[in-house]
Amino acid sequence: MHRPVPEADQENLSIDGVDRVIEQIERSFGPGRDLAVILIFVDNVDRVCATSGHVHADVALNDFHLRLGEFSQEGHSVVRLSDRKFVLVLKGFRNAGHVRLAAQKVQRLIHKSSKSILNEDKALMVRMGVVIQGRENFDAHRVLRCVEIALIDGGTDKEDVTFYREDAADQFIASWNLEQKLSDALESGELELYYQPQMDIETRRIVGAEALIRWHDPVLGEVPPDVFIDVAEKSGLITDLTYFSIQRAFRQLHEWRESAADMTVAVNTTPSAIRDSEIIDVLKIAASIWDIELKAIVLEVTENALMVDPKASHRILTGIRKLGAGVSIDDFGTGYSSLAYLKELPADELKIDRSFILSMLSSRKDYKIVEHAVSLAKSFGLRTVAEGVVNDEMLNVLWTLGCDIAQGYYICEPLPADDFLRWYLERKSA
């Protein structure tokens, strides 16, 4: 039960904007005076709008704005940058501890507004980015940019108060540029799939390949996958990369149909993709366009990705398997899923993580992990794939253990599509 909203509270307090913030920063800075700038972002507003209504949310934000006026009474400056963002410019602070005390006061004020207007102590929460600016290299626009970076950095790490760090700024700016380049690369055709063969250990026949995305930028050259995949995950482009890989893999299978009719291609997918039924439509459309049976595609999903949202993952993977596509649990052995969950999992194979394969000849513990993984897979009726095979001894041990498929540099490195087909045909004829 919320208290009635006072008529006066409904009056929309003015939003000052960037120019006002720059003015206050420049005015607060002077000879012999350092300053600290705190950018305050109010969280949970959408939830409050849904549960209490937009009017109550607006009133609570305005009430918080009024309470921040306590800082103005102490000689500091408060500027409302947007609906949810406020800038606090502190003059004459003593050290970082002094700034933290100010941040704690901000948190108390938002709790008071939540309690007063919404009858809930922590209905609204705040995150804060902080910049401490000395006399050297002062630039008000740079200060505002840096405090935004600090806020974003804190949001990534889920911190309530985050101080600006130069290395975080460098990483952010580099990622920002790379993000735009990656987005452009998706449109311009700079991305391509390489294929690493997968071999049936019993027959030594090549039965499939894993598709691995590669990026050659005209200026940067070869961008390491771990770098641009990380950027894609943080920027939200990772699902686009997944769908690109699926479409390209189907096209490649179509082009290989005459020469490699029985080939399957495994494509890596992401937590976000297996929580959204859109991936099922993507598979259907790609199969229809390229006239390829869905059994030729295997989607690889990591064990940890499954645990992000187990119910949704189970539902989507079940739908994928009903279409006829395969599902592989990647990096098996490194995650935290329970046996109870695994036994019900809609999957066709377990892919044992390369770290165990690489060490199994020298580490008894890793050998036992591989042995148990193969046994576990067999008990669930699943194939096993060992990645990271680098010599014939590993291959023979895996054969003894009953592993089904091997992948690694000993068999072949990842190759561009044309080179892969040439290598495959030469091996087949030999």
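Between R383 and D348 there is no salt bridge, since no side-chain nitrogen of the basic residue lies less than 4.0 Å from a carboxylate oxygen of the acidic one. Salt bridge status for R214 with E192: absent, with no side-chain N to carboxylate O gap under 4.0 Å. D291 and R257 are joined by a salt bridge, as a carboxylate oxygen and a charged side-chain nitrogen come within less than 4.0 angstrom of each other. Note on E210 versus K351: salt bridge recorded, some NZ/NE/NH1/NH2 to OD/OE distance being below 4.0 Å. Look at D419 and R422 and you find a salt bridge, because one of the NZ, NE, NH1 or NH2 atoms lies within 4.0 Å of a carboxylate O, short of that distance. A salt bridge does not link R145 with E148: none of the charged nitrogens is closer than 4.0 Å to a carboxylate oxygen. Ion pairing between D200 and R204 fails under the 4.0 Å rule for side-chain N and carboxylate O.
Under the side-chain contact (heavy atoms from CB on, under 4.5 Å) criterion, H54 pairs with C49, sequence neighbours left out. Here Q196 pairs with L212, Q407, Y409, P414 under the side-chain contact (heavy atoms from CB on, under 4.5 Å) rule; sequence neighbours left out.
Aromatic rings from F420 and W256 are positioned such that their centres are separated by under 6.0 Å. Remark: aromatic rings of W423 and Y195 are distant, center separation not under 6.0 Å. For F86 and F41, the ring centers sit 6.0 Å or farther from each other.
In this structure, a donor-acceptor pair under 3.5 Å is present between the side chains of S272 and T239. Using modelled atom types and a 3.5 Å distance limit, the side chains of S313 and R275 yield no donor-acceptor pair.
S113 places a side-chain N or O within 3.5 Å of a backbone atom of F64 that can act as its donor or acceptor partner.
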